[in-house]
Peer 1: 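A single structure is presented below for examination.
Here the structure is a predicted model, which means the values were calculated and not measured. For ligands, and for the atoms within them, numbers begin at 1 and follow the listed sequence.
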Amino acid sequence: MLILGIETSCDETAAAVVKDGKEILSSIISSQVDIHSKYGGVVPELACRNHIENLPFVIKQALDEAKVNMLALDGLAVTVGPGLIGALLIGVNTAKGIAYSLKKPLIPVNHLEGHLLSIFLEDKHPEFPFIALIISGGHTDLYLVEDFTEYKVIGRTRDDAVGESFDKVARMLDLGYPGGPIIERTAKNGISNNINFPRPMLVRGNFDFSFSGLKTSVRNFLANNGKEINKANVAAEFQEAVLDILSFKAFQAVENSGCKNLVVAGGVAANNFLRENLIKTAEKKKMNIYFPRHDLCTDNAAMIACAGYYRYTRKAKEQNGFMDYLELDACANLKV
Ligand code: KG4
Ligand code: ZN
């Protein structure tokens with residue numbers, strides 16, 4: 001089964017062709033980072049204009065690289081939320097137009113479901129059930145994943161997402177955008193043990209997160225220490241605090257669930273410091289941990305095609321074969 005995935009929820013214009021939910025025939029990502037970096041974050045209006053300009057070419061390139069004719073597609077999967085509403089609508093309406101003209105199924109996909117299932121694009125993936133920690137620019141969520149399309153939220157951030165706090169701390173340190181990769185690089189030259197940022201909400205039995213206090217402590221530290229600060233040390237201690245919080249919550253959730261498997265996905269899961277340390281802890285605890293490869297952690301359309309495949313194969317009957325495309329709409333704060 002050949003699915004064309006389309007992703008435009010934020011600042012990546014992406015399209016991919018995936019066979020049987022597993023084999024990536026092509027995955028094209030046109031990043032807008034250079035456009036937004038001078039503003040220190042994503043400017044929704046600019047994101048929309050660039051999606052409109054680039055999406056047709058990105059889709060064509062995805063089909064060409066996969067050597068797939070549009071007529072050979074079995075369906076289209078498109079991100080319908082959560083994300084920037086204008087940006088989402090460009091992907092949704094483009095997909096609607098193509099699906100309608102070809103009379104092919106149009107499968108709505110939740111962006112977070114894409115991150116949750118991105119691990120199934122890898123050869124090494126867990127059996128059900130597993131705990132998934134989704135760490136991205138907009139979300140920090142823990143799920144119990146019982147099957148494809150069967151997810152239970154067991155915890156989430158009460159304020160900032162972890163990726164957002166990476167971006168904000170990078171901005172405070174005047175390091176640039178997006179903050180995650182820059183903080184990771186900067187932290188390599190730093191030592192964490194001469195500063196002490198808080199690790200909020202580390203209480204057993206609670207699976208929610210809070211990152212705004214950590215961010216505020218960094219701000220206060222910078223205000224109190226002025227020009228004396230060593231940016232690398234601040235970045236290193238910030239990253240160490242994030243690791244402690246994520247590790248405590250995720251492994252506690254695995255223990256509590258009775259299963260042995262943890263999947264970590266979303267843009268922040270591309271961070272090698274976090275990956276290496278979470279792997280070490282999983283080994284100590286005799287748990288299995290899985291990360292998608294780096295380019296499947298950050299936003300991409302292969303994960304949307306993959307999630308679309310599983311949604312189609314599980315839900316097509318109850319969804320009228322996903323042929324009611326004209327009614328499909330985007331939703332900025334769509335829940336899993
Ligand atoms: O999943 P994603 O690409 O988009 C959303 O769905 O939000 O995640 C983007 C987030 C950004 O906040 C970015 O700073 C963060 O992921 N990120 C990282 C790294 N690479 C991207 N954070 C920490 N370390 C990284 N290497
Ligand atoms: Zn994402």
Side-chain angles (χ1 to χ4, degrees), residues 5-14 16 27 29-33 36-37 40-42 44 47 51 78-84 87-88 91 109-119 121 132-141 143 156-157 160-173 175-188 190 209 211 214-215 235-236 238-243 245-246 263-278 291-307 332-334 336:
I6 296 177
E7 156 65 39
T8 61
S9 65
C10 192
D11 60 341
E12 257 93 33
T13 315
S27 178
I29 303 166
S30 165
S31 170
Q32 304 176 6
V33 162
H36 300 286
S37 60
V42 178
H51 286 313
V78 64
T79 304
V80 291
L84 302 169
L88 288 164
V109 172
N110 183 311
H111 180 82
L112 295 165
E113 188 180 16
H115 281 305
L116 272 172
L117 298 184
S118 56
I119 196 67
L121 292 162
L133 171 67
I134 303 300
I135 40 180
S136 71
H139 292 83
T140 304
D141 299 340
Y143 297 91
R156 58 173 35 137
T157 182
D160 293 351
V162 63
E164 184 184 356
S165 57
F166 266 95
D167 295 335
K168 285 179 177 164
V169 167
R171 201 187 310 180
M172 286 179 218
L173 292 171
L175 291 174
Y177 173 86
I182 309 176
I183 294 271
E184 183 180 0
R185 275 200 303 279
T186 308
K188 281 198 182 123
F209 302 83
F211 287 98
L214 173 57
K215 175 191 67 188
F238 167 75
Q239 229 179 206
E240 196 76 48
V242 168
L243 170 67
I245 298 164
L246 296 178
V263 169
V264 187
V268 181
N271 182 298
N272 287 323
F273 170 80
L274 296 176
R275 288 169 88 101
E276 285 158 16
N277 284 290
L278 290 170
F291 291 89
R293 57 184 178 265
H294 291 74
D295 57 344
L296 292 176
C297 285
T298 44
D299 285 352
N300 65 88
M303 68 182 193
I304 303 304
C306 167
N333 56 5
L334 188 68
V336 167

Peer 1: Any idea which atoms of ligand 1 are less than 4.0 Å away from a heavy-atom of Gly163?
Peer 2: 12 (O)

Peer 1: Which atoms of ligand 1 sit under 4.0 Å from any heavy atom of Asp167?
Peer 2: 11 (C), 12 (O), 13 (C), 14 (O)

Peer 1: Check His111 against ligand 1 and report side chain, backbone, both or neither, counting heavy atoms closer than 4.0 Å.
Peer 2: side chain

Peer 1: Can you tell me which N/O/S atom of Asp299 has the shortest distance to the Zn ion (ligand 2)?
Peer 2: OD1

Peer 1: Any idea which atoms of ligand 1 are less than 4.0 Å away from a heavy-atom of Gly138?
Peer 2: 7 (O)

Peer 1: Considering only the protein, which heavy-atom contact is closest to atom 15 (C) of ligand 1, and what is its distance?
Peer 2: Val268 CG2, 3.9 Å

Peer 1: Tell me: protein heavy atom nearest atom 17 (N) of ligand 1, and distance?
Peer 2: Gly267 O, 3.6 Å

Peer 1: Determine whether a donor-acceptor pair (N or O, by modelled atom type, separation under 3.5 Å) exists between the side chain of Thr8 and the backbone of Ala87.
Peer 2: yes

Peer 1: When you measure from the side chain of Glu7 to the backbone of Ser9, do you find a donor-acceptor pair of N or O atoms at a distance under 3.5 Å?
Peer 2: yes

Peer 1: Any N/O/S atom, side chain or main chain, of His111 closer to the Zn ion (ligand 2) than 2.8 Å?
Peer 2: yes

Peer 1: Any non-hydrogen side-chain atom of Leu278 less than 4.5 Å from a side-chain atom of Phe291?
Peer 2: yes

Peer 1: Using atom types as modelled and distance alone, determine if a side-chain donor or acceptor of Asp11 lies under 3.5 Å from a backbone N or O of Val42.
Peer 2: no

Peer 1: Okay, side chain of Asn300, backbone of Met303: is any donor-acceptor separation there less than 3.5 Å?
Peer 2: yes

Peer 1: Report yes if the side chains of Leu88 and Thr79 come closer than 4.5 Å at any heavy-atom pair, otherwise no.
Peer 2: yes

Peer 1: Where is the tightest heavy-atom contact between Asn271 and Glu184, given as atom of each residue plus distance?
Peer 2: CA-OE1, 3.5 Å

Peer 1: Pick one of side chain, backbone, both or neither for how Glu12 approaches ligand 1, counting any non-hydrogen atom pair under 4.0 Å.
Peer 2: neither

Peer 1: Taking all non-hydrogen atoms of both residues, which atom of Leu112 and which atom of Pro82 are closest, and how far apart?
Peer 2: CD1-CG, 4.0 Å

Peer 1: Give the residue, atom name and distance (to 0.1 Å) of the protein heavy atom nearest atom 22 (N) of ligand 1.
Peer 2: Gly180 CA, 3.2 Å

Peer 1: Would Glu184 count as being in polar contact with ligand 1, using the rule that some N or O on each side must be under 3.5 angstrom apart?
Peer 2: yes

Peer 1: Among all protein heavy atoms, pick the one closest to atom 7 (O) of ligand 1 and tell me residue, atom and distance.
Peer 2: Gly137 N, 2.8 Å

Peer 1: Do side-chain atoms of Arg156 reach the backbone of His139 as a donor and acceptor pair under 3.5 angstrom?
Peer 2: no

Peer 1: Could you find the nearest protein heavy atom to atom 24 (N) of ligand 1 and give me its residue, atom name and distance?
Peer 2: Asn271 ND2, 3.0 Å

Peer 1: Looking only at protein heavy atoms, which one is nearest to atom 3 (O) of ligand 1, and what is the separation?
Peer 2: Asp299 N, 3.0 Å

Peer 1: Would you say Cys10 contacts ligand 1, with heavy atoms under 4.0 Å as the rule?
Peer 2: no

Peer 1: So, 2.8 Å as the limit: is an N/O/S atom of His115 located closer than that to the Zn ion (ligand 2)?
Peer 2: yes

Peer 1: Take the angle between the ring planes of His115 and His111 and call it parallel below 30°, perpendicular above 60°, tilted in between.
Peer 2: perpendicular

Peer 1: Using a strict 4.0 Å cut-off to heavy atoms of His115, name the atoms of ligand 1 that fall inside it.
Peer 2: 1 (O), 6 (O)

Peer 1: Determine whether a donor-acceptor pair (N or O, by modelled atom type, separation under 3.5 Å) exists between the side chain of Thr140 and the backbone of Val162.
Peer 2: yes

